[in-house]
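Below you'll find the structure, written out as structure tokens, and then a few comments.
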There are 2 protein chains.
Amino acid sequence: MAGTRRRGAGRGRPTLEEVAARAGVGRGTVSRVINGSPRVSDRTRVAVQRAVAELGYVPNRVARALAADRADAVALVIPEPETRLFAEPYFSDIIRGVGAGLADTDLQLLLTLIRTPKERQRFADYLAAHRVDGVLLVSVHADDPLPDLLERIEIPAVLSGRRSAHESVAYVDSDNTGGARAAVAHLVERGRTTVATITGPLDMYVAQCRVDGYRDALRAAGREVDPALAVAADFTEEGGRRAMRELLARRPDLDAVFAASDVMAAGARQVLREQGRRVPEDVALVGFEDSAVARHMDPPLTSVRQATEEMGRAMARVLLEEIEGGAGRTAVPPRLVLPTELVARASS
Amino acid sequence: MAGTRRRGAGRGRPTLEEVAARAGVGRGTVSRVINGSPRVSDRTRVAVQRAVAELGYVPNRVARALAADRADAVALVIPEPETRLFAEPYFSDIIRGVGAGLADTDLQLLLTLIRTPKERQRFADYLAAHRVDGVLLVSVHADDPLPDLLERIEIPAVLSGRRSAHESVAYVDSDNTGGARAAVAHLVERGRTTVATITGPLDMYVAQCRVDGYRDALRAAGREVDPALAVAADFTEEGGRRAMRELLARRPDLDAVFAASDVMAAGARQVLREQGRRVPEDVALVGFEDSAVARHMDPPLTSVRQATEEMGRAMARVLLEEIEGGAGRTAVPPRLVLPTELVARASS
DNA sequence: GATCAATCTGGGAGCGCTCCCACACTGTCT
DNA sequence: AGACAGTGTGGGAGCGCTCCCAGATTGATC
């Protein structure tokens with residue numbers, strides 16, 4: 001529906017030209033004052049500012065965008081098949097962080113949901129239509145075509161998380177390996193001898209990292225890494241349940257589980273209860289993400305907290321730099337890994 | 001990867017003019033084809049469409065916005081002090097719904113977080129700067145100055161929820177009264193005799209409605225409404241705890257609680273456990289919202305589900321109509337109330 | 001064959017800004 | 001005195017589109 005016309009709601013509002021007339025100066029000068037150029041005498045500047053105030057002038061950003069070939073907006077892209085994301089605070093924290101990071105900028109934050117190839121195409125068109133100055137991409141899958149697209153059309157972009165160890169697009173990630181390591185070390189310290197893990201889908205780099213941390217910690221403690229103690233799931237509750245059953249079948253003697261996400265830990269917890277294992281007495285349980293789910297579990301779940309909001313903030317910062325950077329960019333895209341922190345609760 | 005930078009990554013991309021040249025027609029004609037005007041002969045249309053395809057032309061929406069005095073965007077405003085919202089699926093469902101509702105439109109969805117008066121001012125400037133065609137406002141408080149602002153500057157707007165029984169701005173709400181009524185009726189049917197309620201802040205209309213439903217249901221069942229059985233809280237977990245303690249102190253004989261939100265129900269549940277009351281054996285518990293919290297509680301919480309995503313979709317639809325409607329608007333703003341549904345689980 | 005409405009089409013005139021060039025003005029240095 | 005930087009400043013020329021008005025074309029009618 002190519003809309004009907006929304007007449008003049010905004011027409012009639014003062015323009016640059018009118019401000020200039022009122023201040024008795026030229027358009028160019030007003031523009032300079034508005035944009036904080038230093039090449040304006042104080043007297044003129046004051047005069048213009050008064051005119052602006054008196055007229056209640058607000059620059060028309062659409063006109064500015066057209067003239068300057070900028071969009072004054074960045075897109076935050078959320079791949080929606082990933083519904084999981086939405087249900088968890090992760091996503092909202094990212095948004096909040098990005099919002100904060102952009103707060104004293106003129107940049108508007110555009111939220112873009114992409115669930116279908118068709119929508120991806122639409123988004124590509126947006127980029128082409130010149131609607132954004134940069135892109136923030138949340139929760140990338142290894143096979144996501146979007147990062148490559150962004151790279152090809154050379155638009156500033158920042159990912160949250162990375163697709164692999166050698167990510168070519170700028171990213172902000174959290175220390176998944178370190179967090180997992182801390183979680184497992186904690187279990188070992190508490191005297192657990194048989195520590196199992198429920199991993200995420202191993203084609204996702206984040207899942208890979210968390211397994212690595214698990215192994216690192218065991219090795220560092222001089223333990224042997226038993227492949228039978230690792231079962232892959234898909235970051236869902238149901239996946240967590242299945243994996244837990246599998247683990248108990250394989251190794252009934254396990255006394256600790258490190259789940260690579262809180263939601264999977266919740267699934268595991270249900271199975272443990274069904275099978276009469278007490279948490280933490282019989283089996284200690286640790287999750288990852290420190291989401292609301294963790295706090296509401298019974299007993300409350302020990303988990304690895306990510307600085308999610310800070311990640312969002314960092315993404316904004318990095319993107320800003322990329323946009324600023326303009327022509328002469330460094331060859332290496334910025335990358336940032338934020339620390340994680342173990343939050344011990346009653347489940348371990 | 002070397003070479004020219006953004007400032008022009010978009011310049012150089014085909015324009016209307018070039019398409020016109022290639023198709024051997026005038027600018028106006030191409031514009032008509034692009035915008036689906038019927039006043040173009042089939043032959044011309046086809047020629048233009050071919051040129052568009054060959055050149056890979058994508059209209060520059062910024063230019064369009066300037067020329068047509070439209071923004072091709074709507075803002076979804078989220079009052080951020082309301083952090084609660086963010087932690088719950090409510091918010092994400094709304095977003096998803098709005099996204100879906102806007103899907104086959106040219107409208108871009110802008111997410112705007114407002115946490116401070118300063119940010120509110122910024123947003124007012126956005127509106128003035130003509131950046132959006134309409135506004136979606138989530139979770140309005142009775143004292144929120146935004147709806148009045150929107151009304152004053154006469155920009156199409158839709159609220160989720162309303163500020164009072166006679167809301168002057170268009171809104172989409174869910175049937176809070178009916179939902180509460182169903183919840184309490186359910187408790188009564190199950191043979192509960194002393195049904196208490198933990199309400200939201202009573203200056204919020206939504207809270208008011210849920211109390212009304214509670215009372216309706218009791219009266220319909222021929223029960224007397226005892227004011228001692230209602231305690232107000234603030235939709236937080238801590239508030240739920242406090243209210244539950246108060247209720248138990250007042251009426252140790254209560255055997256059911258209807259909490260006006262899941263989160264408050266979670267708080268209440270903790271206090272019940274502390275005080276040795278079993279759920280549902282001793283006290284039945286029902287929440288409202290059917291959020292993730294409800295499903296993860298122990299026992300899983302009976303709750304009232306809102307059609308949240310559908311609300312988002314409806315908001316988009318209503319806004320679209322308002323925007324289309326243009327200047328000559330009807331006196332009565334559109335209003336829509338969506339049904340709610342009781343989801344019975346083990347807690348009742 | 002002329003007339004007239006109905007339909008289609010080209011292109012001028014903006015939309016409100018930024019960019020940038022040219023033209024003042026200052027002083028300062030020969 | 002003239003030449004010469006160094007500042008400020010005005011305003012033309014777009015940015016890529018939509019609007020809308022004439023003008024061209026068509027076909028039907030007298």
Side-chain angles (χ1 to χ4, degrees), chain A residues 2-48 51-52 55 57-72 106 128-131 133, chain B residues 6-48 51-52 55 57-72 106 128-131 133:
Chain A
T4 27
R5 190 153 170 78
R6 193 163 69 74
R7 246 313 34 165
R11 303 277 218 234
R13 149 176 314 286
T15 71
L16 233 206
E17 189 100 38
E18 296 173 49
V19 175
R22 173 143 198 150
V25 301
R27 267 188 358 266
T29 303
V30 176
S31 177
R32 265 168 294 229
V33 172
I34 298 291
N35 294 296
S37 157
R39 331 178 78 47
V40 180
S41 70
D42 286 350
R43 241 161 48 94
T44 316
R45 184 192 320 281
V46 170
V48 170
V52 166
L55 259 34
Y57 170 73
V58 179
N60 181 327
R61 319 199 61 229
V62 174
R64 168 184 307 195
L66 178 60
D69 191 26
R70 281 181 287 146
D72 283 340
D106 270 344
H130 232 299
R131 296 278 287 182
D133 296 318
Chain B
R6 263 219 109 236
R7 181 117 276 126
R11 304 275 218 230
R13 157 174 305 287
T15 69
L16 234 206
E17 189 102 40
E18 296 173 50
V19 174
R22 172 141 198 153
V25 302
R27 271 190 352 271
T29 303
V30 177
S31 175
R32 265 167 295 228
V33 172
I34 299 290
N35 295 296
S37 157
R39 331 182 77 49
V40 180
S41 70
D42 285 349
R43 242 161 49 95
T44 316
R45 185 192 319 281
V46 169
V48 170
V52 166
L55 259 33
Y57 169 73
V58 179
N60 180 327
R61 321 201 58 233
V62 175
R64 170 187 309 203
L66 179 62
D69 191 26
R70 281 182 284 145
D72 282 338
D106 272 343
H130 232 299
R131 297 277 288 183
D133 296 319

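So that the names make sense, note that chain A is the first sequence line, chain B the second, and so on, each numbered from 1. Since the model is a prediction, treat every value here as computed from it, not as a measurement. Side chains are part of it too, since the values below use all heavy atoms of this structure and drop only hydrogens, waters and symmetry mates.
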Whole angstrom value for the distance that separates P of C/dG16 from CD1 of A/I34 = 15 Å
For D/dT18, does OP1 or OP2 lie under 4.0 Å from any side-chain N or O of B/N35?
-> yes
note: B/D72, atom CG; D/dT18, atom C1'; distance rounded to Å ~ 12 Å
Return the value, rounded to whole Å, for the distance between atom CG of B/L16 and atom P of D/dC17.
-> 4 Å
Listed pairs, N/O of protein and of nucleotides 8-10 of chain C, under 3.5 Å:
| from | atom 1 | to | atom 2 | distance (Å) |
| --- | --- | --- | --- | --- |
| C/dT9 | OP1 | B/S41 | OG | 2.9 |
| C/dT9 | OP1 | B/T44 | OG1 | 2.2 |
| C/dT9 | OP2 | B/S41 | N | 3.1 |
| C/dG10 | OP2 | B/G26 | N | 2.8 |
| C/dG10 | OP2 | B/T29 | OG1 | 2.6 |
| C/dG10 | N7 | B/R32 | NH2 | 3.2 |

Nearest-angstrom distance from the residue atom CG of A/L66 to P of C/dG16 = 12 Å
When rounded to the nearest 0.5 angstrom, what is the spacing between CG in B/D72 and CZ in B/R70?
-> 5.0 Å
If you take all heavy atoms of B/R45 and B/S37, which pair is closest and at what distance?
-> NH1-O, 3.6 Å
Rounded distance in Å - CG (A/D69) to C1' (D/dG16) = 11 Å
What heavy-atom pair brings B/L16 and B/Y57 nearest, and what distance separates the two atoms?
-> N-CE1, 3.5 Å
Compute the angle between the rotation axes at the two ends of the helix from C/dG1-D/dC30 to C/dT30-D/dA1, each taken over five pairs, rounded to 10 degrees.
-> 70°
To the nearest Å, how far apart are B/E17 CD and D/dT18 P?
-> 13 Å
Starting at atom CZ of B/R13, determine the distance to atom C1' of D/dG16, rounded to an integer number of angstrom.
-> 13 Å
Taking distance alone, no hydrogens or angles, what donor-acceptor pairs closer than 3.5 Å link side-chain atoms of residues 23-35 of chain A to residues at least two apart or in another chain?
| from | atom 1 | to | atom 2 | distance (Å) |
| --- | --- | --- | --- | --- |
| A/S31 | OG | A/N35 | ND2 | 3.4 |
| A/R32 | NE | A/G28 | O | 3.2 |
| A/N35 | ND2 | A/S31 | O | 2.9 |

Which residues pass the side-chain hydrogen bond (donor to acceptor under 3.5 Å, both in side chains) test with A/S41, sequence neighbours left out?
-> A/T44
Send over the distance from B/R61 CZ to D/dC17 P, rounded to a whole Å.
-> 12 Å
A/T15: what forms a side-chain hydrogen bond (donor to acceptor under 3.5 Å, both in side chains) with it, not counting sequence neighbours?
-> none
Side-chain N,O (A/S31) to OP1/OP2 (C/dT18) below 4.0 Å = yes
Without placing hydrogens or testing angles, list every side-chain donor-acceptor pair under 3.5 Å for residues 58-68 of chain A, not counting sequence neighbours.
| from | atom 1 | to | atom 2 | distance (Å) |
| --- | --- | --- | --- | --- |
| A/N60 | OD1 | A/V62 | N | 2.8 |
| A/N60 | OD1 | A/A63 | N | 3.1 |
| A/R61 | NH2 | A/D106 | O | 2.7 |

B/R22: partners by salt bridge (charged side-chain N to carboxylate O under 4.0 Å, His left out), with sequence neighbours left out = B/E54
